[in-house]
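A quick write-up on the structure given underneath.
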Amino acid sequence: MKNMGKEVILNLDFLDELCGRPSPEEEFAMEKTIIEIRETRDIEKVKDYAIAFARQTHHQSHFIATCLERIALIEAKLISKEHRVKQPKTICQKLSMIKAILFPKEKDS
């Protein structure tokens, strides 16, 4: 197998920032909600919390996955501009080149 050239490593340092701890205010708000849920005796209210949590988790997961896909695409574009890689031509591209040479388009006059 041919050597594909220099290996390029993606910079994923931003993930450390995304995985950081919440602020004390955010943690306090979360703990307050958890205490409310634990102390409730209303099972319907707990079901409503669970349903809202499931929906929110699904939407956040989709959002995060979409963001990471976009980040990966942008990183790949940036790397391809910094480190030019010559792609091998496909058979269709080669045939198109041969066709263009053998049968040049005539200009309308």
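Just so we're clear, the structure is a prediction, and the values are computed from it rather than from any experiment.
The CD1 atom of I79 sits 13.0 Å away from atom NZ of K81, with the distance rounded to the nearest 0.5 Å. For the atom pair SG of C67 and CD of Q60, the computed distance is 11.5 Å after rounding to the nearest 0.5 Å. The CD atom of E39 lies 11.0 Å from the CD1 atom of I37; values are rounded to the nearest 0.5 Å. For the atom pair CG (D48) and CG (D42), the distance works out to 8.0 Å, reported to the nearest 0.5 Å.
Hydrophobic cluster of I35: no remaining members, since no ILVMFWY side chain lies below 4.5 Å from it. Hydrophobic cluster of M97: no remaining members, since no ILVMFWY side chain lies below 4.5 Å from it.
Heavy atoms only, all atoms of each residue included: V46 and T40 are closest at CG2-CG2, 3.2 Å.
K47 is linked by a side chain to side chain contact (heavy atoms under 4.5 Å, CB included) to I43, E44, counting only residues two or more places apart in sequence or in another chain. Partners of L68 under the side chain to side chain contact (heavy atoms under 4.5 Å, CB included) rule, at least two apart in sequence or in another chain, are F14, L15, I64, I71.
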Could you pull out all donor-acceptor pairs under 3.5 Å where a side-chain atom in residues 22-32 meets a protein atom, sequence neighbours excluded?
unit_1: S23; atom_1: OG; unit_2: E25; atom_2: OE1; d: 3.3
unit_1: S23; atom_1: OG; unit_2: E26; atom_2: N; d: 3.2
unit_1: S23; atom_1: OG; unit_2: E26; atom_2: OE1; d: 3.4
unit_1: E26; atom_1: OE1; unit_2: S23; atom_2: N; d: 2.8
unit_1: E27; atom_1: OE2; unit_2: R21; atom_2: NH2; d: 2.8

Quiz: residues 49-57 side-chain donor-acceptor pairs under 3.5 angstrom, not counting sequence neighbours:
unit_1: Y49; atom_1: OH; unit_2: E36; atom_2: OE1; d: 3.4
unit_1: T57; atom_1: OG1; unit_2: F53; atom_2: O; d: 2.7

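Within a 6.0 Å radius of CD1 in I91, no more than 12 heavy atoms belonging to other residues, nucleotides or ligands are found.
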